Amino acid sequence: MASSGPPPAQGPIPSVTAEMVPRHVRYHAITEEELGMVAVLSNSIHLAFLGITVGALVAFWITLKTVMNLTTDDRTMFRALMWLTGLLSAYFLAQSVADVVRSRGTLNSIKRRTADEVAR
């Protein structure tokens, strides 16, 4: 049985051309408060997981409080999941706080270095 598509290409493989493109750099003036906000929010992965785990914790708690016909196995499972997401929420909260402290420390060292260079 013959294939209905076109025959495979015969001959040399086409070459690739590399082209160097000049870079353009833009500088924007921002305030220290804006710089601080950018530095703190750049490490937001722990904040995202904190939001997810807190949302799951609330969902499990609401399920335990509102659904009356849960079996004992289901109730035990939701309690365990609620405690697990509570522990994960505490972990991600601690990591988020550590990220903020680390970011502020890095930002302050950059500000000090910049101030020292300007003073020279």
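On a predicted model such as this, the values are computed, not experimentally measured, just so you know.
- Closest of all the heavy-atom pairs between Met82 and Leu57 is O-CD1, 3.2 Å.
- Closest heavy-atom contact between Leu88 and Thr53: CB-CG2, 3.9 Å.
- Taken from CD in Gln95 to CZ in Arg102, the straight-line distance is 7.0 Å, to the nearest 0.5 Å.
- Taking the six-membered ring where the residue is Trp, Phe92 and His46 present tilted rings, their angle falling between 30° and 60°.
- Atom CG in Leu93 sits 9.0 Å away from atom CG in Leu47 (nearest 0.5 Å).
- The two atoms that bring Val54 and Ser89 nearest to each other are N-OG, 3.5 Å, heavy atoms only.
- Here the straight-line distance linking atom CG of Leu64 with atom CE of Met77 works out to 9.5 Å at 0.5 Å rounding.
- The hydrophobic cluster containing Leu87 does not contain Phe49, counting ILVMFWY residues as joined when their side-chain heavy atoms lie under 4.5 angstrom apart, directly or transitively.
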